Amino acid sequence: MHVRRSAEEIAANRQRYEEHQKKGLEFAPKALPSPSSLPAPAIEPTAIIHRETIPGGWYWSTRVNRGEALRIEQQDGASTVALIAWNANDTSERLNLVDTVKVQWTTALGKGRVIFSDMGRVMFSMIEDSSGAHDCLMGGSTAASNAAKYPGAKTRNTRDNFILAAGKIGLDRRDIPAVLNLFAPVRIDDAGGFRWQGEMSNSGGYVDMRAEMDMLVCLSTCPHPLDPNPVYAPAPVSVTRFRAAAPAAGDLARTATAEAARGFENNAMMQA
C-alpha cells in the first residue's frame, strides 16, 4: 500500500537528515587534499606484482590481496574505466556504491575516500588520485545504450564485459554490483540531471587504490554512456598491481570521516 506523507512529516525527515549530515561532516580531523600531482610517480620495481594493458573496450579481472594496490592509469588518452569487486573469500559481499555515497555524505570520490562493501566494510582506500572526476551514480554502458549512441557501429559494452568476466570466476549476472566509473566527469546539474563535465578530464590521469581485504576485481574500458564523443574509440588503459606501503599512523583514509573509521573497525573484526 502506498503511504502518502504530509508536508510536515517530509520537512521533519529532511531536518533529521540534515542534522545527521552535519554531525557526520563535523568529524574531519584532516581536510581532504587536492588531487595528486601529475605525472604519476614511479612505482618501486621490487613492489610490482603484475602489469597489464587492457585494450580499449575490453575487460580484465584479477585477484588483489589486502595490502596490495592497483594503479589504474590513462596512458593513451582519456578513457573511462568501470570497476566492480567482490570479497575473494565470500563473493556474496560485494562493492556497494549506495553505502559508499551515503555514509561519506558525498558522491565526490577522490584521494582520502574509501569504497565500501554491502557488509559495511572497507574494500578500497583511494590513496592517490589525480582526477577526482569519478562517477558512482550512472552505471556502465549496455548493448542498448551503445546501439542508440553508435548506430551501425560494432561495439563492446560494460554490462556484457562484466557478465563475461564474472562467468570466468564462477559468478553470473546476478552477482554483478553497481559499477564505479573511474575517470568519468559526471556531475548533477541544478535540475537534477546528469551532465558530462569534460573540463574536469585529463588524458594522463591515474588513481591508486589500496585493497583493504582480499578481493576479486574486474575492470572494463568501454566508453561511459554520457561520453560526448560520437565515435566509438575507447583507449587502452594501464593497470599495475603492486605491494602498497603500510598505512601510517593517522592514515588519511582511516581518519577522514567517522564512517570510514567504523568501516575499518568492521574490517578488523573480520580479520580477527
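Remember, it's a predicted structure, so these values are computed and weren't measured experimentally.
The closest donor-acceptor contact from the side chain of E212 to the backbone of V122 lies at 3.5 Å or more, if one exists at all. Remark: side-chain polar atoms of Q75 are not paired, donor with acceptor, to backbone N or O of V237 under 3.5 angstrom. Side-chain atoms of D189 come within 3.5 Å of backbone N or O of G193 as a donor-acceptor pair. Between the side chain of N87 and the main chain of S92, no donor-acceptor pair closer than 3.5 Å is present. When atom types are taken as modelled, the side chain of S125 and the backbone of I127 share no donor-acceptor pair closer than 3.5 angstrom.
Atoms SG and CG, from C136 and L83 in turn, are 12.5 Å apart once rounded to the nearest 0.5 Å. The CG atom of L180 lies 14.0 Å from the CE atom of M138; values are rounded to the nearest 0.5 Å. The SG atom of C222 sits 4.0 Å away from atom OH of Y232, with the distance rounded to the nearest 0.5 Å. To the nearest 0.5 angstrom, S79 atom OG is 10.5 Å from L182 atom CG. From L164, atom CG reaches atom SG of C218 across 10.5 Å, with rounding to the nearest 0.5 Å. Between T100 atom OG1 and L95 atom CG the span is 6.0 Å, to the nearest 0.5 Å.
Between A148 and P151, the shortest heavy-atom distance links the atoms O-CD, 3.9 Å.
A salt bridge is defined here as a Lys NZ or Arg NE, NH1 or NH2 lying under 4.0 Å from an Asp or Glu carboxylate O, and R262 with E259 meets this definition.
The list of ring-ring contact (aromatic ring centres under 6.0 Å, His included) pairs with a residue in residues 109-135, not counting sequence neighbours, reads H134-F183. Pairs engaging residues 235-244 under the side chain to side chain donor-acceptor pair (under 3.5 Å) rule: R51-T240, E68-R241 [sequence neighbours left out].
With no hydrogens or angles considered, no side-chain donor-acceptor pair links S36 and D129 at under 3.5 Å. No donor-acceptor contact under 3.5 angstrom links the side chains of R94 and N96, judged on distance only. Side chain to side chain, N157 and S141 fail the donor-acceptor criterion of an N or O pair below 3.5 Å.
For D135, the side chain to side chain donor-acceptor pair (under 3.5 Å) partners are N181, H224, not counting sequence neighbours. Here R173 pairs with nothing under the salt bridge (Lys or Arg N to Asp or Glu O under 4.0 Å) rule; sequence neighbours left out. Not counting sequence neighbours, S34 has no partner by the side chain to side chain donor-acceptor pair (under 3.5 Å) test. Judged as a salt bridge (Lys or Arg N to Asp or Glu O under 4.0 Å), and not counting sequence neighbours, E73 has no contacts. Not a single salt bridge (Lys or Arg N to Asp or Glu O under 4.0 Å) links R159 to another residue, sequence neighbours left out. Residues passing the side chain to side chain donor-acceptor pair (under 3.5 Å) test with K111 are E128, sequence neighbours excluded. Residues forming a salt bridge (Lys or Arg N to Asp or Glu O under 4.0 Å) with R121 (at least two apart in sequence, or on another chain): E93.
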Residues L109, M126; criterion side chain to side chain contact (heavy atoms under 4.5 Å, CB included); working and verdict: CA-CA 8 Å; L109 302 180; M126 301 181 74; 4.0 Å; yes
Residue pair R195, V186: steps toward the side chain to side chain contact (heavy atoms under 4.5 Å, CB included) verdict: CA-CA 6 Å; R195 293 291 181 268; V186 175; over 6 Å; no
For a quick test of your reading: what N or O donor-acceptor pairs under 3.5 Å do the side chains of residues 42-50 make, sequence neighbours left out?
residue, atom, partner, partner atom, Å
H50, NE2, E52, OE1, 2.7

Without placing hydrogens or testing angles, list every side-chain donor-acceptor pair under 3.5 Å for residues 54-62, not counting sequence neighbours.
residue, atom, partner, partner atom, Å
Y59, OH, K168, NZ, 2.8

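Linking ILVMFWY residues whenever their side-chain heavy atoms come closer than 4.5 Å, directly or via other members, places L219 and M123 in the same cluster. Transitive grouping of hydrophobic side chains (ILVMFWY, heavy atoms separated by less than 4.5 Å) brings F194 and W196 into a common cluster.
Summarising the local packing, CZ of R66 is surrounded by 12 or fewer heavy atoms from other residues, nucleotides or ligands at distances under 6.0 Å.
Counting only heavy atoms from C-beta outward, the side chains of L70 and V217 approach each other to under 4.5 Å.
Grouped by direct or indirect side-chain proximity (heavy atoms under 4.5 Å, Ile/Leu/Val/Met/Phe/Trp/Tyr only), L171 sits with I84, W86, F162, I163, I169, I176, V179, L216.
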